[in-house]
Amino acid sequence: MKSKRWETAILLMVGLTISYMMRVNVSMAVTVLADDLGWSDTEKGVLLSSFFWGYAIGQVPWSIMTLSFSPSFLYGVGVIIPSVLTILFPMVCSYSFHGAVYMQLFNGLASGALFPSLFRFFPAWIPFNERPFIVSLITSGIYIVSLCACIIYCFVISLHLM
């Protein structure tokens, strides 16, 4: 019989992996988009850092909201809203640099819900003796994405240099 705890852990890992995958993909896409749209290095830096402005600011309100709302609802918000914003990102970039900065800012704000809601799952759903392994499994999505992104980025750069 499958344990709901393990199903939940796998789904949380997939959500975290998707979130980090979008974050890495946008960072890689901005380097190509910036060249096509004629943005300076300063503009690229502002655009890439705008995500983290929102992410840093969003941690506190999301942490407070985890006390009042279901962690599964907030985790869903932290995955779905950034997904929609990431899909719309290239279109917004083609119209307005400032719009792209604001979109990344809001993407960061929404992504800030992931870890506060994630850490509300652990004490409620995972027994203490299983916590180290399950938490490691869930957060391994971050490292899987980082490894894959490095490999893909090196491949894309090598094709671009040819």
Side-chain angles (χ1 to χ4, degrees), residues 1-30 33 44-150 152-153:
M1 184 167 105
K2 288 185 184 177
S3 167
K4 291 292 182 191
R5 182 171 48 250
W6 286 100
E7 289 177 24
T8 302
I10 297 296
L11 290 173
L12 290 171
M13 184 190 79
V14 168
L16 199 58
T17 303
I18 289 169
S19 176
Y20 269 78
M21 197 176 302
M22 290 184 299
R23 191 178 304 182
V24 168
N25 287 341
V26 167
S27 296
M28 290 186 338
V30 164
L33 280 172
K44 280 194 287 191
V46 167
L47 184 62
L48 290 171
S49 66
S50 62
F51 173 87
F52 294 102
W53 301 340
Y55 189 72
I57 292 167
Q59 295 292 310
V60 173
W62 287 116
S63 296
I64 293 168
M65 282 191 268
T66 60
L67 302 173
S68 302
F69 294 98
S70 161
S72 57
F73 171 75
L74 294 178
Y75 194 80
V77 166
V79 174
I80 292 171
I81 291 176
S83 298
V84 171
L85 293 176
T86 301
I87 290 169
L88 298 174
F89 183 72
M91 182 180 67
V92 172
C93 284
S94 65
Y95 288 112
S96 165
F97 171 74
H98 292 12
V101 169
Y102 288 123
M103 179 170 273
Q104 280 298 92
L105 182 71
F106 291 127
N107 194 344
L109 280 169
S111 295
L114 286 174
F115 279 101
S117 60
L118 184 65
F119 283 97
R120 287 279 295 179
F121 278 102
F122 298 153
W125 292 10
I126 303 171
F128 185 76
N129 61 338
E130 293 180 16
R131 222 173 273 169
F133 181 75
I134 294 178
V135 170
S136 299
L137 173 72
I138 292 168
T139 57
S140 67
I142 299 167
Y143 305 107
I144 292 168
V145 169
S146 298
L147 176 66
C148 293
C150 287
I152 292 168
Y153 190 69

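Just so it is clear, the values below take in all heavy atoms, side chains as well, and ignore hydrogens, waters and symmetry mates. The shown structure was predicted, so the numbers you read here are calculated from the model rather than taken from an experiment. Note that the numbering runs from 1 along the sequence shown for the chain.
Interatomic distance, F106 CZ to S111 OG, rounded to the nearest 0.5 Å: 13.0 Å. Here the CG-CD distance, from L114 to Q59, works out to 9.0 Å after rounding to the nearest 0.5 Å. The distance from atom OG1 of T139 to atom CD1 of I134, rounded to the nearest 0.5 Å, is 11.5 Å. With rounding to the nearest 0.5 angstrom, the CD1 atom of I18 is 11.5 Å from the OG1 atom of T86. Within the model, atoms CG of N107 and CZ of F52 stand 10.0 Å from one another, a figure rounded to the nearest 0.5 Å.
Looking at heavy atoms from C-beta onward, E130 lies in side-chain contact with W6 at the 4.5 angstrom threshold. With contacts defined as side-chain heavy-atom distances shorter than 4.5 Å, the pair W53/Q104 does not qualify. With a 4.5 Å cut-off on side-chain heavy atoms, F97 and V46 count as touching. Considering only heavy atoms from C-beta on, L105 stays 4.5 Å or farther from V101 through its side chain. At a threshold of 4.5 Å between non-hydrogen side-chain atoms, the residues P71 and T66 do not count as touching. A 4.5 Å side-chain heavy-atom check between R5 and P127 finds at least one atom pair inside the cut-off. Within the 4.5 Å cutoff, the side chain of F122 has heavy atoms near those of the V135 side chain.
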- request: Check the pair F51 / V26 against side-chain contact (heavy atoms from CB on, under 4.5 Å), numbers first and verdict last.
  value: CA-CA 10 Å; F51 173 87; V26 167; over 6 Å; no
task: Determine, stepwise, if the pair I10 / L137 fulfils side-chain contact (heavy atoms from CB on, under 4.5 Å).
output: CA-CA 8 Å; I10 297 296; L137 173 72; 3.9 Å; yes
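Between L67 and R120 the shortest heavy-atom distance is CD2-NH1, 3.9 Å. Minimum heavy-atom separation, C93 to L33: SG-CD1, 4.0 Å. Nearest approach of S117 to L74, heavy atoms of both residues: CB-CB, 3.8 Å. Closest approach of P82 and V77 over heavy atoms only: CD-O, 3.4 Å. Looking at every heavy atom in both residues, M22 comes nearest to S83 through SD-CA, 3.3 Å. Residue L16 comes nearest to Y75 through the heavy atom pair N-OH, 3.0 Å, listed as atom of the first residue, atom of the second, then distance.
For the pair R131 and F128, the cation-pi criterion (under 6.0 Å, within 45° of the ring axis) is not fulfilled.
Taking the six-membered ring for Trp and the full ring otherwise, the centers of W62 and F119 sit at least 6.0 Å from each other.
A donor-acceptor pair under 3.5 Å is absent between the side-chain atoms of S19 and the main chain of G15, judged by distance alone. Checked by atom type and distance alone, the side chain of S68 never pairs as donor or acceptor with a backbone atom of M65 at under 3.5 Å. Not a single donor-acceptor pair under 3.5 Å links the side chain of S96 to the backbone N or O of V92.
Enclosure of atom CD1 in I80 is not indicated, since only 12 or fewer non-hydrogen atoms of other residues, nucleotides or ligands lie within 6.0 angstrom.
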